[in-house]
Amino acid sequence: MRVDRLPYEELPAPTRQALVQRFGAHCPRADPKTGNSAAFASLFFPPGGVKEFVKGLPLDHERIGELKAEAAVNPFLPTFAPRVLWRQEAGGWLLLGFEALTATPWAWFAHDSDHLEPVACALRQLSLLPAPDAVLLTPWERWGEYCAPSAEGFLTGDRLVHSDPAATNFMVEATGRVWMIDWAWAMRGPAWIDAALWGFRLVLDGKQTVEDAARWARTIPAFAQAPREGVRALAQAEARSWEDWREHGMTELEETITAAHAWAAHWR
């Protein structure tokens, strides 16, 4: 579910005041154009200070659990995840302050993009990391309803999984350094999950052929060794989940569903 963005001026007065106390009454700001998981998101550029990225949600919002989960897991994330600098509740909102990045707003996933290898490198590193105790969500909890019961074992593991390697969840510096953002759906699962989902995103976000996407996914050793039946179960479940979102009223999903089915068909 996409979250409607609220302008700074329309935040509750106590919430704005909390930001004023941190950054000053006339701190320059810039609102990002991407992202749909926060009701408020803005870059703050305090004069003489270090820029920060702030996002927040009302405490009674149906997606507040995701923001709290992102804050809880952040201290245990790899070095290519931006740090949470502070969290604060004010005016019925939860605000998180992150270290701000100087990078592209998203990664380019086209077949000839210079971003593909740095992103693949980050996913290789991620596939080796154990999930910390703070991460409780599992792939089965997210996709199990779209799978046959026999698939549960394929989606069980102990590695740290981001679970949404979309182009908009990577930022790339001019040096080629990659950052992976938005960890609200971090999970503990098999090491190959993110690479499998990345393949789908290469088809959708990068307009790659499924064959090219599969070649890139296989550059992550965990995926190259993944059980084909497990990859097929996950890919089919991801396609069914997008169909479910459409049935619940989400619009403009035709391209997403087509790409998801194309990726799933490759693993039959």
Side-chain angles (χ1 to χ4, degrees), residues 1-107 132 134-137 141-142 160-171 173 179-187 245 248-250:
M1 184 197 71
R2 299 183 179 94
V3 179
D4 293 332
R5 193 68 59 81
L6 197 68
Y8 173 81
E9 293 74 19
E10 295 181 19
L11 291 174
T15 309
R16 290 199 312 274
Q17 184 57 34
L19 293 170
V20 167
Q21 290 174 352
R22 286 188 178 275
F23 300 111
H26 305 291
C27 180
R29 292 184 307 103
D31 296 337
K33 303 300 182 184
T34 59
N36 55 27
S37 63
F40 173 74
S42 192
L43 281 163
F44 286 78
F45 301 87
V50 178
K51 66 179 179 179
E52 294 183 20
F53 172 66
V54 179
K55 67 179 180 179
L57 278 171
L59 288 168
D60 60 358
H61 195 281
E62 60 187 307
R63 293 186 65 173
I64 189 62
E66 297 174 28
L67 194 62
K68 290 180 176 179
E70 184 169 12
V73 73
N74 185 266
F76 309 101
L77 295 180
T79 56
F80 50 82
R83 299 293 101 187
V84 171
L85 304 174
W86 53 267
R87 61 177 289 173
Q88 182 175 356
E89 293 183 12
W93 280 60
L94 173 62
L95 301 172
L96 299 184
F98 292 81
E99 62 176 319
L101 309 176
T102 301
T104 62
W106 56 77
V135 175
L136 302 175
L137 186 67
E141 289 176 278
R142 179 165 173 180
L160 177 61
V161 176
H162 180 281
S163 84
D164 189 17
T168 52
N169 282 336
F170 293 93
M171 300 175 69
E173 295 183 1
W179 296 87
M180 201 170 187
I181 64 173
D182 286 349
W183 291 79
W185 286 89
M187 302 177 180
W245 279 113
H248 282 81
M250 186 176 285

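One-based numbering along the sequence shown.
Judged purely by atom type and a 3.5 angstrom limit, Arg16 uses its side chain to pair as donor or acceptor with the backbone of Leu11. For His61 (side chain) and Trp93 (main-chain N/O), no donor-acceptor pair under 3.5 Å exists by modelled atom type. No donor-acceptor pair under 3.5 Å is formed between the side chain of Glu99 and the backbone N or O of Pro82. A donor-acceptor pair under 3.5 Å links the side-chain atoms of Arg83 to the main chain of Ala81, judged by distance alone.
At least one side-chain heavy atom of Arg5 sits less than 4.5 Å from a side-chain heavy atom of Pro32. The side-chain heavy atoms of Leu57 and Leu94, taken from C-beta on, include no pair separated by under 4.5 Å. Within the 4.5 Å cutoff, the side chain of Thr168 has no heavy atoms near those of the Ile181 side chain. Counting only heavy atoms from C-beta outward, the side chains of Gln21 and Gln17 approach each other to under 4.5 Å.
Here the CG-CD distance, from Leu96 to Glu70, works out to 6.5 Å after rounding to the nearest 0.5 Å. Summarising the geometry, atom CZ belonging to Phe53 is positioned 12.0 Å from atom CG belonging to Leu85; distances are rounded to the nearest 0.5 Å.
When every heavy atom of Leu67 is checked against every heavy atom of Lys55, the shortest pair comes out as CD1-CE, 3.8 Å. When every heavy atom of Gly56 is checked against every heavy atom of Leu95, the shortest pair comes out as CA-CD2, 4.1 Å. Contact record, Lys51 with Pro46: CA-CD, 4.1 Å, taken as the closest heavy-atom pair. Nearest approach of Ala72 to Ala134, heavy atoms of both residues: O-CB, 4.1 Å. Minimum heavy-atom separation, Trp106 to Thr104: O-OG1, 2.8 Å. For the residue pair Val135 and Met187, the shortest heavy atom distance occurs at CG1-C, 3.2 Å.
In this view, Arg29 and Glu9, Asp31 satisfy the salt bridge (charged side-chain N to carboxylate O under 4.0 Å, His left out) rule, not counting sequence neighbours. Qualifying salt bridge (charged side-chain N to carboxylate O under 4.0 Å, His left out) partners for Glu52, counting only residues two or more places apart in sequence or in other chains: none.
A perpendicular orientation is assigned to the rings of Phe44 and Tyr8, their planes being inclined by more than 60° (bins at 30° and 60°). Ring-plane geometry between Phe80 and Trp183 is classed as tilted, the angle between the planes lying from 30 to 60 degrees on a 0 to 90 degree scale.
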Chi angles and distances behind the side-chain contact (heavy atoms from CB on, under 4.5 Å) call for Leu19, Val54
CA-CA 9 Å; Leu19 293 170; Val54 179; 4.1 Å; yes

Could you walk me through whether Leu137 and Val161 pass the side-chain contact (heavy atoms from CB on, under 4.5 Å) check?
CA-CA 10 Å; Leu137 186 67; Val161 176; over 6 Å; no

